[in-house]
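Scroll down for the structure; my scribbles are underneath it.
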Protein chains: 2
Amino acid sequence: MKDNMKDNMKDSTKPRRPPNARDVAGLAEVSVSTVSLVLNGKAALRGIPEATIQRVMEAVERVGYRPNAMAAGLRRQTSDTIGFISDLIATTPHAGPMIQGAQDAAWEAEKILIIVNTGDDRSVQDRAIEMMLQRQVEGFVYATMYHRFVELPAVLREIPSVLLDCRSEDTTFTSVTPDEQSGAVAATEHLLSAGHRRIGYLQTNARIPAAMERLEGFKMALQSRGVDFDPHLVATGIDEFSGGFEAASSLLDLPTPPSALVCFNDRMAAGAFRAAHRRGMVIPRDLSVAGFDNEELVSLFTDPALTTVQLPHYEMGYWAVTNLLGQIAGTGAAGIRHRIACPLVARDSVGPPKDDPSSRDEN
Amino acid sequence: MKDNMKDNMKDSTKPRRPPNARDVAGLAEVSVSTVSLVLNGKAALRGIPEATIQRVMEAVERVGYRPNAMAAGLRRQTSDTIGFISDLIATTPHAGPMIQGAQDAAWEAEKILIIVNTGDDRSVQDRAIEMMLQRQVEGFVYATMYHRFVELPAVLREIPSVLLDCRSEDTTFTSVTPDEQSGAVAATEHLLSAGHRRIGYLQTNARIPAAMERLEGFKMALQSRGVDFDPHLVATGIDEFSGGFEAASSLLDLPTPPSALVCFNDRMAAGAFRAAHRRGMVIPRDLSVAGFDNEELVSLFTDPALTTVQLPHYEMGYWAVTNLLGQIAGTGAAGIRHRIACPLVARDSVGPPKDDPSSRDEN
DNA sequence: CTGTTAGCGCTTTCAA
DNA sequence: TTGAAAGCGCTAACAG
């Protein structure tokens, strides 16, 4: 059907079809089973002599043999493939590390990832899952680009699946998410250790798990140090630069403004920077700021560099696939809810409070 | 081997193996060929009556039949799969749109993408290609995360391949890259149209195609408007914030500083903003700035918003796969070098020059 | 130690 | 209008 026999001049044998195991067997003067055995490293078990192995390998080399994974998979009833469904790869910098982590874990197990990005479109998603199922994927990673709750297609229950950066009401699914709370604790404690006691919180108005959990961590950290939580020190806005700017402005205009700010995310933190600058404040001398997410560009452009909390995207991706492979192999457990720590990335936006000489030399 | 027969209580038949075409055929009381015909939409051609089709479809539904793509592929000698090799997905925001574009084009043709990310490691790359070849991919997209020259493994010549955001000495490969030059022309013309005549250029010291081509576009635009290119107005630095800051500083400290700056990229442009601010200059009143790349966060955080040039990542990804599918189908041509335009994104960092009353009301 | 044989699940002539 | 049969390329009993 195809006409790709244009430049076949050195090969007198014109291989309309790629060489297969039979060709190798013929050349090596063995049977196809022997070829299969040798190529799958089972030669030793069956006591095939080195000489035969050599002959086979040479033949493989000679004809440029490449085993057909579809045929092997069909026979062996495996595909060594795992499906990766994600919502919105294109518009977030978080996708890269998650995919990379997933990919690395898969690679170590000689599995391959097939990725489809649904653009958050339900029908695309359903068709994608169906396609993957037809391709005999051994399991699914269902990933979202920000931590949220999802409603899952029922088919995912039929086959090992893990939720990456999201969770479901259905607790039979394994999920891996950032430990938002402990991340916020770390950021807040960092501020507390620098001597701050009057700490504001810039909250997002988005109703997402990270919102609650980070605030919760903030409160916990205060409490554990015996600092009362003051609801007036929480200002809310959209989780972008502008929201941070406005929320921070309202806090900084308070009669007794906070000396430090924990921000829902880096973008809001950047907004807080601007609000502070507009008021002639210098960070961290007049105001300490901690962000969340460690978005590369934000920390690159804030001046001074932003102290923030890292989201463990790579690690989550890696963990997701590792757990999935466990489920597939029958070893690992399903239905577990794993949280991965969000390490603090201390940079230069945190210092001691201005009017607290006691902690001048603490940081 | 697997023990997933926990909640099989309504199904009295315990399906240790998933239903296949034979099961469907049995239930519908037809042969497997008929099932195949119906499912592949060839029923009409063969004149299979509606009633039979119905019976088959019902049976499919009943048993929850899902065609095995590996078996079909084996038989049909196709995989409907294309391999996507990329260097460094994790560390760049450009990956998302490229993958998305590739993915969308593949999706429309009912192909699926298998992606592996080599981390720029040669041995990983070679093994990845080998794995994909074994999986019978129908072609390759070889992508890099910034426009550059690559040396390609010879195997890629055996099978349709297209280079995405990179090029090779070997011109038999199709490649798609951004039209850097015309992008720079657009940015420069925008500045010229605003009335600027003394325009500086912030160049990267990286030796990459984009460096030459953007500068070339800058020169061309000047020339076409009869403005002499002044080499003293080109300052070089690393293509990051710091390099932009330094390069811009040197230009702004000139006896007769430029009234506008074209920057190799947005990060350098952000550095230029800071350099201007440090000198008490207000953008765009005292200095107009144009960037390149349209990195979301940069334009979000510069104040005023940065006028820049968009890199066509999505379009390139889409084009790459579209061309590849053409090659596979035997229609499209190989060996073509395609460039995609980089549209100007006009925002607020460009205005008329301060001391040029003639163009006060032009912009 | 090696080969024969029987499929994996599907598509596709070809014959009825 | 439908079915039987032959294989795609490989693996894995089982037999020698």
Side-chain angles (χ1 to χ4, degrees), chain A residues 1-2 15-56 59-60 63-81 131 133-136 138, chain B residues 1 15-56 59-60 63-81 133-136 138:
Chain A
M1 236 114 257
K2 293 169 190 163
R16 171 148 255 51
R17 89 177 146 58
N20 60 25
R22 197 152 57 241
D23 300 333
V24 174
L27 219 167
E29 299 181 295
V30 295
S31 73
V32 290
S33 351
T34 304
V35 173
S36 171
L37 258 11
V38 169
L39 257 36
N40 292 302
K42 286 174 190 147
L45 279 73
R46 301 287 244 79
I48 293 177
E50 191 55 36
T52 309
I53 297 183
Q54 281 306 331
R55 268 207 332 282
V56 171
V60 164
V63 302
Y65 173 61
R66 195 140 41 208
N68 182 324
M70 294 203 319
L74 178 59
R75 177 60 234 243
R76 209 191 270 134
Q77 299 286 63
T78 59
S79 61
D80 289 330
T81 298
M131 265 178 102
L133 251 11
Q134 293 186 184
R135 279 155 198 264
Q136 317 296 112
E138 298 176 356
Chain B
M1 234 113 261
R16 173 149 251 52
R17 87 174 151 60
N20 59 25
R22 198 152 54 242
D23 300 332
V24 175
L27 220 168
E29 298 181 297
V30 296
S31 73
V32 289
S33 346
T34 303
V35 173
S36 172
L37 258 12
V38 169
L39 256 37
N40 291 303
K42 288 177 189 142
L45 278 73
R46 302 286 245 79
I48 294 177
E50 191 57 34
T52 310
I53 297 184
Q54 281 306 330
R55 270 210 327 286
V56 171
V60 164
V63 303
Y65 173 61
R66 193 141 40 210
N68 181 325
M70 293 203 318
L74 178 60
R75 176 62 233 240
R76 210 190 269 136
Q77 299 288 63
T78 59
S79 60
D80 288 330
T81 298
L133 251 11
Q134 294 186 185
R135 278 154 199 266
Q136 317 297 112
E138 297 176 356

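Proteins get letters first, then strands, A, B, ... in listed order; numbering begins at 1 in each. Excluded from the calculations below are hydrogen atoms, water molecules and symmetry mates; all remaining heavy atoms, backbone and side chain alike, are included.
Between the CZ atom of R76(B) and the C1' atom of dG7(D) there is a distance of 15 Å, given to the nearest Å.
In this view, T78(A) satisfies the side chain to side chain donor-acceptor pair (under 3.5 Å) rule with no residue, not counting sequence neighbours.
In terms of position on DNA chain D, the residue among R75(B) and T52(B) whose nearest nucleotide sits closer to the 5' end is T52(B). Residue whose closest nucleotide on DNA chain D sits further toward the 5' end, between A69(A) and P49(B): P49(B).
The backbone N or O of K42(A) lies less than 3.5 Å from no partner atom in the side chain of N40(A), so there is not a single donor-acceptor pair.
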Open item on the list: As a quick check of understanding, evaluate side chain to side chain contact (heavy atoms under 4.5 Å, CB included) for V38(B) and R55(B), giving each step before the final call.
Closed with: CA-CA 10 Å; V38(B) 169; R55(B) 270 210 327 286; over 6 Å; no

Task: Chi angles and distances behind the side chain to side chain contact (heavy atoms under 4.5 Å, CB included) call for R17(B), D23(B) - done: CA-CA 11 Å; R17(B) 87 174 151 60; D23(B) 300 332; 3.0 Å; yes

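In the region residues 20-28 of chain B, proximity to DNA chain D at under 4.0 angstrom, judged on heavy atoms, holds for none of the residues.
When the side-chain nitrogen and oxygen atoms of K42(A) are compared with OP1 and OP2 of dA12(D), one or more of them lie within a distance under 4.0 Å. Here T34(A) reaches the OP1 or OP2 of dG3(C): one of its side-chain N or O atoms lies under 4.0 Å away. At the phosphate of dG7(C), neither OP1 nor OP2 sits under 4.0 Å from any side-chain N or O atom of Q77(A). Regarding contacts with the backbone of dC8(C), every side-chain N or O of N68(B) stays at 4.0 angstrom or more from both OP1 and OP2.
Residue S33(B) places a side-chain atom within donor-acceptor reach of the base of dA4(D), judged by atom type and a 3.5 Å distance cut-off alone.
Between E138(A) atom CD and T81(A) atom OG1 the span is 6.5 Å, to the nearest 0.5 Å. Between the CG atom in N20(A) and the CG atom in N68(A) there is a gap of 9.5 Å [rounded to 0.5 Å]. Atoms CG and CZ, from L133(B) and R135(B) in turn, are 12.0 Å apart once rounded to the nearest 0.5 Å. For the atom pair M70(B) CE and Q136(B) CD, the distance stands at 11.5 Å (nearest 0.5 Å). Atom CD1 in I48(A) sits 5.0 Å away from atom OG1 in T34(A) (nearest 0.5 Å).
In the helix from dC1(C)-dG16(D) to dA16(C)-dT1(D), the terminal helix axes, each the rotation mapping four pairs' C1' atoms onto the next four within five end pairs, subtend 40°, rounded to 10°.
Contact annotation for V35(A): no contact, since no heavy-atom pair falls under 4.0 Å across all strands. If you check every strand for non-hydrogen atoms under 4.0 Å, I48(B) touches sugar and phosphate atoms only.
For S31(A), the side-chain atoms get nearest to dG3(C) when compared with the rest of dG3(C), dG3(D), dC10(D).
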